[in-house]
Amino acid sequence: MSDDLIYAPPPDDAPHVPYKRHDPGMPSADAARAFYETVRTRRTVRMFSDRPVPRETIEHIIRAAGTSPSGANKQPWRFVAVSNPEIKHQIRLAAEAEEREFYEHRASERWLDDLKPFATNPEKPFLDTAPWLIVVFALKRTDDGGQVYYLNESVGIATGLLLTAAHHAGLATLTHTPSPMKFLAQILGRPEHEKPYLLIPIGYPADDCVVPAIERKPLDEIAIFIE
Ligand code: IYR
């Protein structure tokens, strides 16, 4: 059986520690189903409550994101969490300026057509309302100037974990992409090697929050099994 497989031990100059498997305490099929039932209710939300969220919650959500795998474990991400109302408002004004350009000039007819089900527009009140904005930056180099690998994959995975951790904590998120996003680095005073990646408002949904009536693809459209 697989327990009998022999692996070469790692060399002495590459320290290793025993791996302890996460034990869900139930068969894997039950645990996987339960997790799916939890995450399937996640939705991208654009109507936030101003109800406060403790900083400690945000810290743990960011810690969760920081557990992600990354190329050569360079952890090429930085998460800037903003609750300061003046800074949030500056971000709103700058984002809305970019979005007006997008909706009035930059976007193709096809793109605008594809966005119709989401009823988005250049007004971004949630950038004031949501108690926190988490701005995800991708590090083009490590803080000490070193090389990073698979940058977009690494930061994408970390961002996915962040969204999932927020959902798990009962919070709503929006993956917001005002583009170009350079203004975020300027407003937040980030160094040149940090590239804005995503702007994530996070908080409780508004009491009367609604979301677009859209569907997810069924398993047989997203998966192929070769057994
Ligand atoms: N960034 C714009 C437009 C937009 C683009 C896509 I693709 C979306 O899925 C949603 C919105 C905005 O945030 O309004």
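Atoms within each ligand, like the ligands themselves, are counted from 1 in listed order.
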Asker: State, to 0.1 Å, how close Glu98 and Pro180 come at their nearest heavy-atom pair, and which atoms those are.
Answerer: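 Shortest heavy-atom contact: OE1-CD, 3.3 Å.
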
Asker: Taking only residues two or more places apart in sequence or in another chain, which ones pass salt bridge (charged side-chain N to carboxylate O under 4.0 Å, His left out) with Arg141?
Answerer: Glu192

Asker: Between Trp77 and Tyr197, does the ring centroid distance fall short of 6.0 Å?
Answerer: no

Asker: Using the six-membered ring of Tyr204, assess whether NZ or CZ of Arg51 lies under 6.0 Å from its centre and within 45 degrees of the ring axis.
Answerer: yes

Asker: Identify the two heavy atoms, one from Ala64 and one from Leu161, that lie closest to each other, and give their separation to 0.1 Å.
Answerer: O-CD1, 3.7 Å

Asker: So if I only count non-hydrogen atoms and take anything under 4.0 Å from ligand 1, which residues does that give, chain by chain?
Answerer: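 Lining ligand 1 at under 4.0 Å, by heavy atoms, one finds Arg46, Glu99, Phe102, Tyr103, Trp111, Leu115, Thr120, Lys124, His176, Thr177.
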
Asker: The test is salt bridge (charged side-chain N to carboxylate O under 4.0 Å, His left out); show your working for Lys124 and Glu96 and say whether it passes.
Answerer: CA-CA 6 Å; Lys124 305 298 177 191; Glu96 287 182 337; over 6 Å; no

